[in-house]
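Notes follow the structure.
Keep in mind it's a predicted model, so treat the numbers as computed, not measured. Both counts, for ligands and for their atoms, begin at 1 and track the order of listing.
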Amino acid sequence: MTIIRLITLTLTLMITMIITTVTSHNITDILSNFPEYSVYNDYLTKTRLNDEINSHETVTVLVLNNNMTTKLGANEPLAVMKTVLSIHVLLDFFDREKLLKIGGGSQVSTTLYQTTGHALQDTGYVNITDLPGGKVGFGSGNARSKLGSLFVKDVKEFPYNISVLEINSPIIAPGILNTPWIPVNISSLLENAGCKIFLKMLKEQGVLTVYEGAVNSDITVFAPSDDAFNKVLGLPEFKKLQPRELISLLYYHAIPTYVPKASLASEKNKNVTTFATTPIQNFYFTIKSSGDSFIVDTGVDVVRIENTIIDASPVSIFKIENVLLPIELFNGTSISTPAPAPAAPTPESSRSAPGPVSTDSSSTSGPAGGPDQADGPDADVGDNNANDASDGKHDTRSLLVDTR
Ligand SMILES: *[C@@H]1O[C@H](CO)[C@@H](O)[C@H](O)[C@H]1NC(C)=O
Ligand SMILES: *[C@@H]1O[C@H](CO)[C@@H](O)[C@H](O)[C@H]1NC(C)=O
Ligand SMILES: *[C@@H]1O[C@H](CO)[C@@H](O)[C@H](O)[C@H]1NC(C)=O
Ligand SMILES: *[C@@H]1O[C@H](CO)[C@@H](O)[C@H](O)[C@H]1NC(C)=O
Ligand SMILES: *[C@@H]1O[C@H](CO)[C@@H](O)[C@H](O)[C@H]1NC(C)=O
Ligand SMILES: *[C@@H]1O[C@H](CO)[C@@H](O)[C@H](O)[C@H]1NC(C)=O
Ligand SMILES: *[C@@H]1O[C@H](CO)[C@@H](O)[C@H](O)[C@H]1NC(C)=O
């Protein structure tokens with residue numbers, strides 16, 4: 001009897017899991033059945049808005065055909081396209097039926113852009129208005145905007161989770177396309193974010209040039225803070241590194257993929273290829289979650305991702321709490337604290353370990369989806385400095401010891 005019950009319970013659990021998996025939507029997959037939106041679909045993938053769309057339970061995606069999307073993207077940097085397209089993702093469910101009978105004839109819907117915390121003056125909202133003759137108009141929620149986009153047709157619906165609707169022209173919020181574009185400058189970003197030692201090493205070893213050369217393809221950099229480097233510089237294992245190995249260590253801190261904060265969850269528990277990866281040496285690490293934070297597990301140490309320094313698709317830079325120690329260079333090394341011998345281990349020495357890590361609320365205070373380039377790098381850097389100040393004071397923990 002007990003066994004049968006157990007089996008029944010297991011089966012029920014499995015079925016529940018299967019159902020959960022099946023009902024979760026995948027915008028890339030949905031749009032792949034419609035070649036007329038393939039350019040739009042590519043942009044969602046490149047900007048990784050697809051991950052954000054998939055992570056929202058209830059969402060409506062306003063798509064544009066290939067001609068419209070190509071025209072829109074022709075003169076816009078990818079980071080600006082990300083902002084524009086995030087205004088086309090409504091955090092509510094609208095199908096044709098609902099569109100045609102909007103109460104009072106007009107409604108405002110929140111968009112994905114609003115969740116970034118960077119939307120100014122209602123640009124994070126979209127106005128949907130029923131027009132004479134059975135037409136539906138869309139415009140920016142900003143008061144100055146016109147209803148310049150018209151509903152064309154419903155493309156695909158999975159009530160009440162995801163709906164895809166075509167509109168005939170993009171919804172352009174004021175100020176989004178006209179902001180001057182500042183190219184990502186890795187040097188100045190790292191410098192202002194308190195990662196000067198990392199920057200100095202990147203320059204000295206010629207690695208910076210490689211990272212800078214990648215800002216137009218995909219790159220994510222994990223930049224250790226100066227505090228983090230000060231903890232390892234004195235280690236015998238670090239001093240022993242050959243120049244070639246030091247270069248590998250620096251290459252190990254970036255990956256040839258664009259991973260904004262909102263996509264960290266999609267990268268979890270995989271072997272992540274880094275710039276140090278070669279056909280003969282893995283130099284992988286693994287991203288894991290720990291409470292509200294994400295951590296990088298190298299197999300030697302476990303390092304918390306502190307915050308976003310910049311998210312400007314296709315470039316993402318995170319600040320991290322410790323230096324990433326690849327197993328290829330530090331295997332078997334038991335890294336002990338460089339602090340003077342009498343120092344007793346403090347509870348804080350386990351701060352970077354998996355599990356509920358931090359009581360430091362500033363670490364997770366970034367806006368959902370991370371900062372975004374349209375607002376310029378300076379605002380983000382300001383945040384980081386605030387974090388540094390609050391972190392540096394009580395940072396007496398030793399480098400995490402992991403003797404696996
Ligand atoms: C679909 O929507 C329903 C409620 O409308 C919700 O309970 C369910 O979790 C959603 N499914 C997914 C996979 O988001
Ligand atoms: C979504 O669908 C695309 C295309 O079918 C596939 O490559 C991708 O792995 C899927 N993503 C997830 C999270 O399942
Ligand atoms: C897209 O543009 C091409 C060439 O300008 C044109 O032939 C085609 O009809 C357009 N398609 C749509 C859906 O507007
Ligand atoms: C939507 O825009 C129209 C036209 O500008 C305006 O008349 C209407 O009040 C707006 N609706 C809402 C809910 O703001
Ligand atoms: C990046 O900023 C630094 C100052 O931090 C400056 O010296 C350098 O010229 C800038 N690089 C580019 C390509 O603008
Ligand atoms: C990661 O790489 C290691 C070493 O090559 C391998 O043993 C392991 O199975 C891989 N894990 C995953 C999840 O691919
Ligand atoms: C690490 O060291 C152990 C024991 O010496 C060895 O079995 C293992 O293959 C090494 N791993 C790597 C990635 O070098």
Any Lys/Arg nitrogen of Arg48 or Glu52 sitting under 4.0 Å from an Asp/Glu carboxylate oxygen of the other?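 Result for this pair is no, no salt bridge flagged.
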Contact residues of ligand 5 with a heavy-atom cut-off of under 4.0 Å?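 These residues qualify: Asn185, Ser188.
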Leu99 vs Phe151 side-chain heavy atoms within contact, under 4.5 Å: yes
Between Ile317 and Leu189, is there a side-chain heavy-atom distance shorter than 4.5 Å?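 With C-beta onward as the side chain, the pair touches.
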Enumerated ligand 4 atoms positioned under 4.0 Å from heavy atoms of [X]:
X: Asn127; value: 1 (C), 2 (O), 3 (C), 8 (C), 10 (C), 11 (N), 12 (C), 14 (O)
X: Thr129; value: 1 (C)
X: Val108; value: 12 (C), 13 (C), 14 (O)

Phe275 and Tyr211 aromatic ring geometry - parallel, tilted or perpendicular at 30°/60° bounds: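 The arrangement is perpendicular - the two ring planes meet at more than 60°.
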Please report the interatomic distance CD1(Ile53) to CD1(Ile162), rounded to the nearest 0.5 Å. 6.5 Å
Anything under 3.5 Å between a donor and an acceptor, one on a side chain of residues 252-259, the other on a protein residue two or more places apart or in another chain? List them.
unit_1	atom_1	unit_2	atom_2	d
Tyr252	OH	Tyr284	O	2.8
His253	ND1	Leu249	O	2.8
His253	NE2	Leu324	N	2.9
Tyr258	OH	Lys82	NZ	2.9
Tyr258	OH	Asp311	OD1	2.4

Under 4.0 Å from one or more heavy atoms of Ile327, ligand 7 contributes atoms 13 (C)
Excluding sequence neighbours, so at least two apart, what forms ring-ring contact (aromatic ring centres under 6.0 Å, His included) with Phe93? Tyr160
Contact (N/O only, under 3.5 Å) between Ser106 and ligand 4: yes
List for me each residue that meets side-chain hydrogen bond (donor to acceptor under 3.5 Å, both in side chains) alongside Thr129, sequence neighbours excluded, and say none if there are none.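 Once residues adjacent in sequence are excluded, the partners of Thr129 under the side-chain hydrogen bond (donor to acceptor under 3.5 Å, both in side chains) criterion are Ser106, Asn127.
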